[in-house]
2 protein chains.
Amino acid sequence: MQSRLPTLSDVARCAGVSYATVDRVVNDRGGVAEKSVIRVRKAIDELGYVRNVAAANLSQNKTYRFAAIIPTGTNQFFQQLRAILEAERIRLLADRIDLRIEGIAAFDGEALCERLDILSQTGIDGVALVGTDDDIVAQKIAELRSAGIAVLTLVSDAPNAPRDAYIGIDNRVAGQTAGRLIGLCHGGACGRVLPIVGALSAPDHAERLEGMRETVTSLYPDLDIAPVIIGRDEHEIVENKLRPIFKNSHDITAVYSVGGGNAGLLRVLRSLPDGQNRPIVVLHDIVPQAREALEDGVIDAIIDQRPEVEIANALSCLRSIADRRIPDVTDPILPTVYFKENLPPHGRDSFVRPGHAVNRTASGHASKSRILKEIDQ
Amino acid sequence: MQSRLPTLSDVARCAGVSYATVDRVVNDRGGVAEKSVIRVRKAIDELGYVRNVAAANLSQNKTYRFAAIIPTGTNQFFQQLRAILEAERIRLLADRIDLRIEGIAAFDGEALCERLDILSQTGIDGVALVGTDDDIVAQKIAELRSAGIAVLTLVSDAPNAPRDAYIGIDNRVAGQTAGRLIGLCHGGACGRVLPIVGALSAPDHAERLEGMRETVTSLYPDLDIAPVIIGRDEHEIVENKLRPIFKNSHDITAVYSVGGGNAGLLRVLRSLPDGQNRPIVVLHDIVPQAREALEDGVIDAIIDQRPEVEIANALSCLRSIADRRIPDVTDPILPTVYFKENLPPHGRDSFVRPGHAVNRTASGHASKSRILKEIDQ
DNA sequence: TTGTACGCGTTATCAT
DNA sequence: ATGATAACGCGTACAA
């Protein structure tokens with residue numbers, strides 16, 4: 001029935017000390033007599049004091065300055081990632097988080113380093129980037145962290161770099177899952193799996209490939225793995241490398257595409273002659289074309305990394321680090337398998353039905369108009 | 001470079017009106033001259049004003065009072081759900097959310113209604129409950145909402161009840177996915193699928209069963225569906241009903257268990273004579289025994305509903321409704337397929353590596369000791 | 001070592 | 001129709 005939770009003042013009164021003393025105890029600032037500490041701790045326990053985060057944030061009145069560096073180019077997944085970030089901007093501003101979204105050429109460690117240099121000079125609290133297996137990147141990350149800037153790797157880790165955290169799926173596990181799926185779909189028959197990657201310098205691509213290889217070779221010895229196609233996540237390159245393979249040899253029974261450029265793969269699949277059985281196809285990330293292909297039955301499964309969850313976790317983590325708090329323990333992001341049946345709905349429908357508590361009162365309308373306005377911008 | 005975002009005072013100054021007038025415009029309180037409204041709107045646009053939610057929350061100094069009603073009993077999934085909620089309590093208190101966790105017999109609409117009556121008298125802002133297909137429950141939900149209490153159904157919806165929202169997976173889709181998996185694993189061979197449910201009055205169970213039936217009958221006509229076992233989510237009941245079936249007939253090639261009581265199923269599976277091939281097994285929800293079974297190869301796949309995500313969404317949604325805001329559009333929760341390979345790690349490991357920004361400063365230690373203390377309780 | 005007082009941006013109330 | 005101002009709880013600068 002208590003409608004008001006205890007405050008630091010309540011604790012001070014209960015402990016018979018001043019507000020400032022309680023603050024010193026609570027925030028470990030030191031310089032407090034031992035017996036005062038004990039009395040304060042006791043009062044906190046008795047009253048069940050819990051720090052009010054809204055008040056704490058307000059009193060500091062700090063605007064966090066974060067940046068996200070996302071590869072540009074035709075890769076639809078990164079376009080989607082960028083769109084999710086853009087859509088979050090206003091919401092984040094309401095929590096006093098100022099997010100810059102930067103573009104950068106994919107698979108280019110030098111360009112990434114340059115951008116990081118510029119960013120660190122403009123003064124930011126943290127940055128999220130897509131990791132590369134590249135010594136100069138690891139070096140630059142170390143520099144940033146020495147300068148007190150939080151660094152997160154997103155989607156793909158940066159091996160040997162002292163980043164604060166990696167936010168993304170375990171890509172080896174994703175590859176193993178793909179291997180399991182492909183194996184299952186062969187139903188004991190022989191076959192040959194064709195892997196497609198963007199670049200082997202991208203740790204996520206390399207790890208997915210390795211995971212698939214592990215599972216297939218150990219659990220499905222009747223399956224063979226063809227030489228890897230390297231497509232730089234560009235659909236033209238993928239298409240051009242793939243066409244001759246499907247034209248000249250008919251032994252490919254499965255395709256595992258770990259990265260982007262799948263528009264090229266799909267064009268090839270859709271143009272296969274009727275007589276030629278289409279291979280089992282597993283690819284990554286629900287982007288529009290992949291979704292269509294799954295709905296049309298041109299491919300069999302998509303492994304997704306839930307970019308919305310990744311971004312939410314990354315922002316929460318950046319904030320915790322900037323606050324010098326222990327990061328919230330978020331659940332690890334798991335590679336998620338989608339078939340035609342459990343493909344998520346297009347428009348991010350939620351299951352919320354309109355009702356009396358929403359959209360009715362004056363303040364309800366106020367919120368609505370504000371929100372609509374924000375979305376327009 | 002701006003380290004301070006514009007405030008309502010800034011807007012007032014820019015618009016040449018008082019603080020209170022700006023507040024009236026921003027919060028649609030009315031009673032403002034049209035020309036003032038226009039000037040304020042213009043100033044807001046020019047300055048890029050965004051409401052500071054920390055300040056807003058602080059000024060209201062409201063503690064939300066929510067309740068969650070979770071079935072008791074041996075069902076491990078609900079035990080897990082309860083544990084997740086318990087673990088969130090202190091965190092929630094820091095955001096001034098007071099969460100009560102209540103227990104109730106499973107599949108018992110009357111008991112649920114009684115509990116809801118008691119709760120509504122103690123004064124709460126919102127409640128989350130596991131829905132039942134039951135007229136008196138629908139009736140009671142309507143009463144609560146008329147009294148201004150937000151009502152969410154969690155895990156299982158309540159058909160025809162005017163709840164504010166349903167937070168959970170689409171259970172028909174989950175069933176369809178199970179059907180697809182079972183079909184794939186048969187590799188074109190004939191077979192007979194044995195479904196196990198807790199109760200058909202539970203909408204989630206009924207829908208999963210129906211979804212599986214749809215996919216199997218339409219896509220895999222060589223598969224037959226055996227009469228449904230009703231086990232009330234109790235492992236002894238499940239075991240007792242299952243033993244004779246596996247003893248007397250050897251034609252079951254797959255089992256789909258939509259609910260709880262799987263300890264009984266697993267005992268039966270583990271004690272099958274060596275000569276008898278174990279069936280393909282798909283079940284729901286990663287609870288310890290199911291995890292072990294998947295690791296041991298006793299079952300083939302688990303369909304999970306990510307209870308942590310469900311709870312996070314439910315709380316966020318309750319808060320929005322209590323605030324009379326438009327609920328955040330959260331991504332729909334999707335049934336997630338796990339094989340042995342992509343089973344999430346046990347201890348909720350995150351990918352965070354310790355580093356300089358965390359656990360070092362004085363305030364870092366303060367946070368740490370507080371958090372550890374909270375966990376002990 | 002301990003205590004006081006002000007600022008943060010919003011909401012709500014009271015006065016004009 | 002408009003304006004002034006007191007909370008709200010925490011962090012912190014400064015005084016004792």
Side-chain angles (χ1 to χ4, degrees), chain A residues 3-40 44 47-64 93-96 323-325 361-363 366-367 370, chain B residues 3-40 44 47-64 93-96 323-325 361-363 366-367 370:
Chain A
S3 70
R4 180 178 157 280
L5 264 48
T7 72
L8 277 188
S9 301
D10 297 322
V11 174
R13 198 175 315 120
C14 173
V17 298
S18 81
Y19 184 103
T21 300
V22 177
D23 171 67
R24 288 190 257 269
V25 173
V26 166
N27 291 316
D28 260 5
R29 300 188 208 283
V32 181
E34 188 59 27
K35 62 163 194 168
S36 298
V37 174
I38 293 172
R39 296 176 65 178
V40 169
I44 288 175
L47 298 179
Y49 166 79
V50 178
R51 179 167 164 276
N52 183 330
V53 292
N57 287 345
L58 177 61
S59 72
Q60 300 217 123
N61 189 31
K62 177 179 162 106
T63 298
Y64 300 89
L93 228 41
D95 291 324
R96 305 292 105 148
D323 277 345
R324 294 167 190 279
R325 288 180 321 186
T361 65
S363 64
S367 306
R370 267 209 310 282
Chain B
S3 72
R4 180 178 157 278
L5 264 48
T7 72
L8 277 188
S9 300
D10 297 322
V11 175
R13 197 174 315 120
C14 173
V17 298
S18 80
Y19 191 105
T21 299
V22 177
D23 171 66
R24 288 185 183 98
V25 173
V26 166
N27 291 318
D28 259 7
R29 302 188 206 280
V32 181
E34 187 60 27
K35 62 165 194 166
S36 299
V37 174
I38 293 172
R39 296 176 63 179
V40 169
I44 288 176
L47 298 177
Y49 165 80
V50 179
R51 179 170 165 276
N52 183 329
V53 292
N57 288 347
L58 176 61
S59 73
Q60 299 211 132
N61 190 30
K62 179 178 160 104
T63 298
Y64 300 88
L93 228 41
D95 290 325
R96 306 292 106 149
D323 277 345
R324 296 170 188 279
R325 288 181 320 186
T361 66
S363 64
S367 307
R370 267 209 308 285

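Note that these values count all heavy atoms, side chains included, but never hydrogens, waters or copies made by symmetry.
- Rounded to the nearest 0.5 angstrom, B:Thr7 OG1 and B:Asn52 CG are separated by 9.5 Å.
- How far CG of B:Asn57 is from CG of B:Asp95: 8.0 Å, rounded to the nearest 0.5 Å.
- The two residues B:Asp10 and B:Leu5 come nearest to each other via the heavy atoms OD2-O, 4.2 Å.
- Checked by atom type and distance alone, the side chain of A:Arg24 never pairs as donor or acceptor with a backbone atom of A:Arg29 at under 3.5 Å.
- When atom types are taken as modelled, the side chain of A:Arg96 and the backbone of A:Lys62 share no donor-acceptor pair closer than 3.5 angstrom.
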Heavy-atom contacts, protein to nucleotides 6-16 of chain C, under 4.0 Å, summarised as B (base), S (sugar-phosphate only) or - (none) per nt, yield -BBBBBS----
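- For the pair B:Thr21 and D:dG3, the criterion of a side-chain N or O lying under 4.0 Å from OP1 or OP2 is met.
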